Amino acid sequence: MTVFSHKEFDHHEQVAFFHEEKSGLKAIVAIHNTNLGPALGGCRMWPYATDEEALTDVLRLSRGMTYKSALAGLPLGGGKCVIIGDPRRDKSPELLRDLGRFIDGLSGAYITAEDSGTSVADMKLIGENTAHVAGVMEGTEHGGDPSPSTAYSTFVGLKTAVKQRLGRDDLNGITVALQGVGNVGYYLARHLHEAGAKLIVSDIVPEHLQRAVDQFGARVVATDEIYGVEADVFAPCALGGVINYNTLDQLKCAVIAGAANNQLATPEFGELLLRKEILYTPDYVLNAGGIIDVAYQRSGESAETLKNHIESIGATLEEIFERAAADGKPPHEVADQIAEERFRSA
Ligand code: NAD
């Protein structure tokens, strides 16, 4: 397995491999860049088929966090942790405490938080052995879960994109096709419903669909139909890679704005969407509410400051859309450029 010559290595500052025989912990922490501050990023637990697959994932995710935090204007760098294992079978308090000890050994260069396969309760166990853990807030409504803030930033970004592409100041009567009404999708649906938008939803969990029907009057379509429905906005909030050769020609929307990470199967799809006159709102700009929330949990800022910071994503997106239009470039390329200007010059 190569590291320095790995195709996703991209100037990572540090990659640490952890193993503990007794608990069975096998984890990798990747720290991409700390020019703007310590690397904050979630800890994912996944039954990777190979070590190589785990390394590729952690390198890509960690780099993505550098860009996300830089664009969100946070004094943070990018990093990520992956644990190799099935969260339902292999996770134990001992394993999480061991991870806490290892993360502590990085002396604060990396701060962990929840991600797929880990929870607020897991962060508490990790936190028994290190202070470098975020996403745990005792006594608050969401206990540290960043999903409501991710949904709010996605809502703010979606509104900005609708204004840019459709010239509309409000969402009243706008139709949104929402893929995935889980944690983030549910809260986003609530914001959209309150703003007067009509919802078409898909999910694979019947209870999630029913909740959207009962509470927001959503219309349900099959999972493979959501791409081709008549809607102003397509909001992917389930899976990555959903803009691909199978879905591109089905899309009838004017705007894509959702919370899912890595929506473009490959960067070229940004250019293909531009040609179809579909405004693609770069996912990591839109879904930064979660990382802003987690960062503020640590610094103890007020709810008002958090809300204002999340709402500033609207202005960031306006800048991205303006530069993209002026340069004839897809918005995600411009977003990357602005992020690089920020963390490279720091
Ligand atoms: P979640 O698991 O709670 O919700 C995902 C939903 O999508 C679930 O209801 C699931 O049943 C549904 N789903 C799965 N496969 C589907 C399919 N083929 N078609 C339709 N629906 C499907 O996850 P979440 O926390 O809401 O995150 C959603 C997305 O947002 C993910 O891509 C995640 O990486 C991204 N994201 C989340 C956060 C956060 O704060 N939770 C932050 C940044 C990015």
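Counting starts at 1 for both ligands and their atoms, in listed order. Predicted, not measured: the structure shown is a model, and the values here were computed from it.
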Shortest protein heavy-atom distance from atom 5 (C) of ligand 1, along with the residue and atom involved
Cys237 O, 3.8 Å
For atom 41 (N) of ligand 1, what's the nearest protein heavy-atom neighbour? Residue, atom name and distance, please.
Ser147 OG, 3.2 Å
Protein contact of atom 4 (O) of ligand 1 - nearest heavy atom, named by residue and atom, plus distance
Gly182 CA, 3.4 Å
Strictly inside 4.0 angstrom of atom 2 (O) of ligand 1, do you find any protein heavy atom?
no
I'd like the name of whichever of Ile204, Val242, Asp224 reaches closest to atom 14 (C) of ligand 1 through any heavy atom.
Ile204
Below a 4.0 angstrom heavy-atom separation, can you tell me which part of Thr150, side chain or backbone, both or neither, approaches ligand 1?
side chain
Under 3.5 Å between any N/O of Asp203 and any N/O of ligand 1: does that happen in this structure?
yes
Could you check whether any heavy atom of Ala238 sits closer than 4.0 Å to an atom of ligand 1, since that is the contact criterion I want to use?
yes
Looking only at protein heavy atoms, what sits closest to atom 18 (N) of ligand 1 is Leu239 CD1, 3.5 Å
State, without any angle test, whether Glu304 and Ser302 hold a side-chain donor-acceptor pair at a distance under 3.5 Å.
no
Counting only non-hydrogen atoms of the protein, does one fall under 4.0 Å from atom 32 (O) of ligand 1?
yes
Any nitrogen or oxygen of Asn261 lying under 3.5 Å from a nitrogen or oxygen in ligand 1? Just yes or no.
yes
N/O of His208 under 3.5 Å from N/O of ligand 1, yes or no?
yes
Is the charged tip of Arg190 near the ring of Phe216: under 6.0 Å from the six-membered ring centre and within 45° of its axis?
no
For atom 25 (O) of ligand 1, find the nearest protein heavy atom and state the residue, atom name and distance (0.1 Å precision).
Asn183 CB, 3.7 Å
How close does the nearest protein non-hydrogen atom get to atom 36 (N) of ligand 1, and which residue and atom is it?
Ala259 O, 3.8 Å
Could you identify the single nearest non-hydrogen protein atom to atom 19 (N) of ligand 1 and state the distance to 0.1 Å?
Thr223 CG2, 3.6 Å
Minimum-distance protein heavy atom relative to atom 27 (O) of ligand 1:
Val184 CG2, 4.0 Å
